[in-house]
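Accompanying notes for the structure given below.
Hydrogens, waters and symmetry mates play no part in the numbers below; they use all other heavy atoms, side chains included. Convention: sequence-line order gives letters A, B, ...; per-chain numbering from 1.
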2 protein chains.
Amino acid sequence: MTHFLGTHQNKLDAKGRVSVPAAFRAALRSLGEGEAGGGLILRPSHTHPCIEAWPAPLFQSLTQSLDRLDLFSEAHDDLAAALYADAYPVEADREGRIVLPDALIAHAGLSESVVFMGLGRIFQIWEPEAAARRREEARARARARGLTLPGLAPAPAATSRPVAEGGHG
Amino acid sequence: MTHFLGTHQNKLDAKGRVSVPAAFRAALRSLGEGEAGGGLILRPSHTHPCIEAWPAPLFQSLTQSLDRLDLFSEAHDDLAAALYADAYPVEADREGRIVLPDALIAHAGLSESVVFMGLGRIFQIWEPEAAARRREEARARARARGLTLPGLAPAPAATSRPVAEGGHG
DNA sequence: TGCCGTCCCATAGTATCCCATGAATTCCCA
DNA sequence: TGGGAATTCATGGGATACTATGGGACGGCA
């Protein structure tokens, strides 16, 4: 799997650890076969009460574009602050768990259970109920947006042949 | 067969497994000869109480446009959450069975028996009675609409045969 | 020296793989 | 064209591997 898919719920223990879902671990491994693949960059989402998790390689490619900016420009300054200042690199232990920084736990309002929400190239970590609300909202907004993806209209004209059972043709 | 046709009923066992109908398995194989072909993406239908099953290659082509979107845009956020967060990749075991995630079983209200409904390029998984109702409804609406398919307009007499069903309750 | 963070080990529960069986279908040959 | 044999399909169950989670030990820093 090259993408983070699905929603998975795990428990945050007293030490602030959570198991990264096995499916996500597999995706991470496939992203970077070396050691960087296991790495993650955690940062607070700017738009939602949740933690954004970036695979290290993807985050690096993101910052490369930033590195091309003039070091003394305002643009660089702002972007750098927005991107780096709140970012925490984490690494999974041998059991595949990561430790969530307190600041991020607070930002996402996490308690005992947390859910990992796959968003394709990245994933997010949510408080379970907030995550459910968010999915609901995203669905509504995506629909309002007109589902601007080619082919997303489910099940087109194929219904013209509803049943073809026991064909003796 | 390159399309999913017909309606097939199989049993969901205690472990949450179902056999994918052999005809659908053949279609899947022909879609992607490599490894991706055997893969399926399951997601809850947003419009019906059923599970939508997408062949992995088709789902990928669907998401390619999404992957080109700016990761920080609202559009990406909403669409990614709507598309990916409820999507579960599954792979058939050597007997051709897949495991349905609990969340999707709940969404579709599945119990002992499930129905696979071919919709051409994708298929759906239904609770049997709900599936029957759905076919009924689709049939009625299609008829009301005059079964107008683009390109099918100059309909010869043959198309007037709307349904050839072997009725079983 | 005490506290905190990290690493490592242990375990229960669960999911995955694999083999086995009955039934139905298809194919082949008479 | 009919009968028989070999496949294929759908389903059940057991063994194995893995995941998730808890707790303890070690080392670093204050």
What residues form a salt bridge (Lys or Arg N to Asp or Glu O under 4.0 Å) with A:Asp93, not counting sequence neighbours?
A:Arg97
Using distance only, find each side-chain donor-acceptor pair of residues 123-130 of chain A under 3.5 Å and give its atom names and separation, not counting sequence neighbours.
residue, atom, partner, partner atom, Å
A:Gln124, OE1, A:Trp126, NE1, 2.9
A:Glu127, OE1, A:Glu129, N, 3.1
A:Glu127, OE1, A:Ala130, N, 3.1

In whole angstroms, how far is the P atom of D:dG12 from the CG atom of B:Asp13?
6 Å
I'd like to compare against my own output: the B/S/- annotation of nucleotides 4-19 of chain C with a strict under-4.0 Å heavy-atom distance to protein.
--BBBB------BBBB
To the nearest 0.5 angstrom, please state how far the CD1 atom of A:Ile122 sits from the CG atom of A:Leu62.
10.0 Å
Looking at the side chain of A:Ala22, which of D:dT11, D:dT19, D:dC9 is the nearest nucleotide?
D:dT19
Does a nitrogen or oxygen in the side chain of B:Arg25 sit under 4.0 Å from OP1 or OP2 of D:dA10?
yes
List in chain and number order the residues that pass side-chain hydrogen bond (donor to acceptor under 3.5 Å, both in side chains) with A:Ser45, two or more places apart in sequence or in another chain; answer none if no residue qualifies.
A:Thr47
pair A:His8-A:Met117: side-chain heavy atoms closer than 4.5 Å:
no
Interatomic distance where NE2 belongs to B:His8 and C1' belongs to D:dT11 [whole Å]
18 Å
Rounded interatomic separation in angstrom, taking CG from B:Leu100 and C1' from D:dT11:
15 Å
Can you pull out how bent the helix from C:dT1-D:dA30 to C:dA30-D:dT1 is, comparing the axes over its first five and last five pairs, to 10°?
30°
Check: B:Tyr88 side chain, B:Ala103 main-chain N or O, donor-acceptor pair, under 3.5 Å:
no
Distance check needed: D:dC9 P versus B:Phe116 CZ, whole Å only.
14 Å
For residues 107-117 of chain B, which residue pairs qualify under salt bridge (charged side-chain N to carboxylate O under 4.0 Å, His left out), counting only residues two or more places apart or in two chains?
none
How many whole angstroms separate atom CD of A:Glu112 from atom P of D:dA20?
16 Å
If the threshold is 4.0 Å, N to carboxylate O, is there a salt bridge linking B:Arg134 and B:Glu137?
yes
